Amino acid sequence: MTHKLKLTTAAAGLAAALTAAPASAVEIEYWQYFFDGRVKAIDQLIEAFEEANPDITVKHTHFPYAQFRTKVAAAVPAGEGPDVMQFYYGWLPDYMKAGLIQPLSTEAFPPAEIEEEFFPIVERMKIDGAYMGLPTAVRSLAMFYNKDLFEKAGLDPENPPATHDELVEAAMAISERDAGGNLLVAGITATPVSQDAHYWREVLMRQFGGQPYSDDGTEVTYNTEEGAQALHAYTDLFMEDKATDYGFMNESQASFAAQRAGILIDGSFRIGAVQSMEGLNWGVAPLPSHNGVTSNYASYWVNGIAAGVEGEELAAAEKFLAYLTTDEAMQLWLDVVGELPAKPSVALTEANANDPVYGPFIAGLETAQTTEFVNESAQRQIWLDMIDRINIGGVSVEDSLATAAEEEQKLLDSFYTE
Amino acid sequence: MSITDITAFRKPVRPVRVLTWTLLAMGGIVMIMPFLFMISTSLKTPDQVYDLRFIPARPTLANYAELFADGRFTAWFVNSLITSTIVTASVLFFDSLIGYTLAKYRFRGRGLVFIAILSTLMIPTEMLVIPWYVMSSHMGWLDSYWGIMFPGLITGFGVFLMRQFFGTVPDELIDAARIDGLSEFRIWWEIAMPLVTPALSALAIFTFLGNWTAFLWPLIVTSDRDLFTVPVGLSSFASENLTRWEMVMTGAAVSTIPTLIVFILLQKYIIRGVVLSGLKG
Amino acid sequence: MSFRDTMTVGQKRAATAWMFLIVPVLFFVVVRFWPTFQSSWISLTEGPMMGPRDFVGLDNYVRMFGDPVFWKVFGNTFKYLAIGLPVSLTISFAVAYYLDRVRFMHGFIRALYFVPYLTTAVAMAWVWRWFYEPVPIGLFNQILSAMGLPQQPFLRSMTQSLPSVLAPAVWAGLGFQVIIFLAGLRAIPDTYYEAARIDGVGPWTILWEITLPLLKPTLLFLIVVSSIGFLRIFDQVYNMTVDGQGGPLNATRPLVLNIYNSAFVDYEMGYATAQTMVLFVVLLAITVVQLRLLRSE
């Protein structure tokens with residue numbers, strides 16, 4: 001990168017000398033979705049970056065989350081888009097298909113170095129030997145629980161369930177129904193708007209001895225007895241054990257916030273919201289184990305470079321992206337946004353690992369898996385449909401699982417044959 | 001209903017009238033229930049939102065204060081106000097002119113023009129935003145009021161509405177004006193337009209409202225936060241894993257105010273066409 | 001008057017008409033027809049959003065007609081129309097007809113009916129979702145329970161979810177329809193009613209013989225515009241179903257949502273525009289039939 005940069009600077013200097021204009025600064029544009037903490041963090045990072053690189057200015061633009069994809073899809077093809085942007089790792093196939101991003105140059109971002117420094121989950125971003133983007137932060141799952149509801153149910157609030165069986169037991173103890181059988185308090189949350197799909201796919205599945213997909217990602221491997229057991233472990237919570245109702249209060253976080261749910265399995269991105277809930281007496285614990293297996297699901301947003309960026313903008317974009325993945329940037333992101341650093345060297349410091357809130361999430365990163373999506377929204381829909389068939393369609397767990405596997409295999413096939 | 005209320009009827013009170021009134025009023029109250037729930041939520045703190053009580057336990061105006069705190073919302077409000085007003089003026093002028101032409105002139109191609117304009121109602125905006133975006137980017141209209149406004153300056157909806165209402169204006173009236181020597185433009189402006197005041201008022205309300213709540217296109221065409229319209233700005237309260245519903249409700253409540261004012265100002269013009277009654281016969 | 005003179009007057013009028021129309025027609029060509037035309041071409045291609053697109057002929061159409069989800073959403077779209085149109089027009093006409101005769105607090109009651117139309121769909125969809133919840137949270141189930149009626153799953157049902165999503169759409173659009181009906185009712189000159197009253201005709205006959213026939217242009221307008229509205233339903237479904245996907249199991253997904261997903265979630269512009277073309281043709285056909293059947297002259 002340095003070599004390239006020198007060349008660029010030299011070329012720019014030469015051009016400036018020739019045209020007798022003042023040495024021009026490069027301006028690059030950075031896009032992300034709007035979230036207060038993220039915006040503040042990037043603003044601070046830009047300030048520090050510009051100080052170190054006076055010849056580069058970074059323009060920071062952000063959009064509402066729900067339309068971020070729409071906006072990127074419209075702007076990049078029209079040449080009005082950003083130079084560097086954030087995107088969710090699961091969107092990678094879509095973004096590549098739509099031609100919205102370009103690979104990071106292997107000189108500036110040597111794959112071997114990345115693999116040594118980052119958590120292994122980042123490898124999902126490697127396509128044909130080059131990385132398509134790099135994260136500043138990662139997220140993992142853990143278990144939030146309501147200490148007051150634990151106490152009310154006669155459970156020890158300082159001793160949350162550590163295994164799946166204990167989890168089910170606790171959930172059944174906490175759940176409360178009126179005389180008509182209507183759910184008043186859910187033992188555990190189970191809704192479509194949640195991390196439940198990831199919990200089943202990457203945690204329960206592995207705890208019951210299964211594996212969601214083949215190693216190369218081309219085959220669905222969850223339509224097995226182990227897969228069905230893992231699915232039962234989830235659906236039984238509302239179909240058999242009556243520990244909850246599927247879809248209770250629409251969103252998992254809603255019933256937890258309203259103190260109408262004892263346990264919430266959710267991502268580290270929920271920490272801020274839970275912290276802001278006045279009067280909620282809560283704790284965090286690692287995900288329960290089962291059959292002695294612990295597992296977790298990690299996801300992340302990466303910074304990538306938009307397709308079509310070249311010349312001095314590309315050089316500046318690479319420089320900025322490199323800065324966003326320094327240890328310094330990662331610690332700042334943890335402090336300001338509350339998301340976990342993407343490198344073990346930053347994440348696994350003693351202070352971070354012993355933190356009562358971040359600790360369980362950071363611990364989860366060590367056994368975390370990352371699903372390789374080919375079409376994140378379609379695959380999520382297959383999960384939602386699978387649960388709906390069981391919940392309101394009267395289909396057995398085994399049959400619904402088989403249908404889902406078939407649909408998802410079709411999706412994988414059409415992706416990989418292209 | 002009290003006795004004084006009933007005496008407000010000009011004609012002698014009949015049970016049927018009272019029943020009609022009561023049913024309509026009850027229906028009206030049912031209609032605004034969700035609206036009241038929205039107001040109630042806007043008065044709640046974040047931890048009360050999912051409490052879902054109709055009357056907030058600890059009502060607060062903190063959300064309203066937060067909405068106006070950084071001055072951005074005021075800027076979005078002004079942007080929405082300016083663009084919606086200009087677009088409404090343009091629509092009222094052009095749509096009624098086209099509607100009048102299609103209703104009152106006979107010429108070759110009239111049916112085709114009408115169907116063609118009507119067919120513009122049938123393409124979802126979702127499919128047009130990309131071509132519009134490319135066009136705006138070529139013309140340098142991105143991040144400008146003009147960029148936000150241009151697709152809506154003339155609407156198929158308004159043309160259709162005005163054509164239908166101009167159709168009820170008697171031809172005799174127009175012919176009489178011609179004999180008096182008025183120009184074609186003045187016949188439309190001075191004779192025909194006052195006769196369709198109810199429809200014009202309705203069109204003004206709908207157009208203003210449609211632009212006030214327009215979301216997808218203003219979102220696509222603006223990148224500069226200071227140029228956002230109210231709905232685009234409000235969507236910032238919804239994020240990847242968290243939507244601040246108390247703020248969405250607060251923003252929605254505040255953004256209802258101008259449309260309500262426009263409605264109250266204009267609805268009184270939706271009156272019986274007095275002019276016509278003296279003329280026929 | 002000679003033949004030639006009439007011609008000149010006719011031609012003069014036609015010239016005036018085109019003079020009035022020229023700017024708007026140009027506007028429509030540039031802002032609406034040209035992008036639509038571009039879309040129809042895109043529906044025959046495939047490729048990334050940026051860069052060259054490959055011509056694939058009718059591939060997108062073949063894929064669409066072989067896709068069971070397409071037929072499902074196509075059917076849903078018509079269900080929205082078939083239920084929404086008669087229900088909404090009947091209610092709104094009844095409200096407008098009686099509201100027209102009410103003097104006491106007329107403006108206030110009218111405003112009550114119009115308020116839903118003024119509020120943003122996102123906020124209202126959220127409120128409606130809570131109304132549909134089971135007891136003890138959901139308002140509707142609380143009412144059912146108070147009346148001793150069985151609980152309903154509403155949005156979490158294969159059969160009830162579509163009407164449940166449609167209800168807020170009808171509710172929100174009611175104010176619009178009432179206002180148009182009122183404007184139409186008031187465009188009917190008083191003289192007709194006075195004449196009828198002198199003749200001693202009953203109110204029912206007045207409604208059928210005078211009001212409704214004279215309301216035909218208004219009715220035609222509302223039928224066409226509301227049909228298009230129901231066939232293009234999007235906001236309520238997007239905001240009331242999980243992930244905005246029109247579930248459960250596609251039970252509520254309309255065509256426009258499918259188009260939106262193809263374009264902005266899957267980035268398949270070719271497939272999205274192919275579906276748009278179908279929607280366009282269907283809407284145009286329905287509108288032309290309605291215009292023919294209800295021709296005002």
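Throughout, protein chains are lettered first and strands after them, A, B, ... in sequence-line order, and every chain is numbered starting at 1. Just so it is clear, the structure is predicted and the values come from calculations on it, not from any experiment.
- What you find for A75(A) and Y133(B) is that their closest heavy atoms are CB-OH, 3.4 Å.
- Using a 4.5 Å cut-off between heavy atoms, R225(B) contacts chain A through its side chain alone, with no backbone atom that close.
- The part of T222(B) that comes within reach of chain A is its backbone (N, CA, C, O), which places non-hydrogen atoms under 4.5 angstrom from that chain.
- Two residues are said to be in side-chain contact when any heavy atoms from C-beta on lie closer than 4.5 Å; I220(B) and T70(A) meet this criterion.
- A distance of 5.0 Å separates CG of D47(B) from CD of E278(A), quoted to the nearest 0.5 Å.
- Ranked by heavy-atom pairs under 4.5 Å with chain A, the first of L142(B), L219(B), T45(B) is L219(B).
- When heavy atoms are compared at a cutoff of 4.5 Å, L234(B) does not approach chain A at all.
- Residue with the most contacts toward chain B among E80(A), M277(A), Q195(A): E80(A) (heavy-atom pairs, distance under 4.5 Å).
- Only the side chain of E251(A) has a heavy atom closer than 4.5 Å to any heavy atom of chain B.
- By the neighbour-count criterion of 12 heavy atoms within 6.0 Å, atom NZ of K147(A) is densely surrounded, having more than that number from other residues, nucleotides or ligands.
- Between the side chains of Q253(A) and Y50(B), at least one donor N or O lies within less than 3.5 Å of an accepting N or O.
- Both the backbone and the side chain of F34(A) come within contact range of chain B, with heavy atoms under 4.5 Å apart.
- Using a 4.5 Å heavy-atom threshold, the side chains of S223(B) and K71(A) count as touching.
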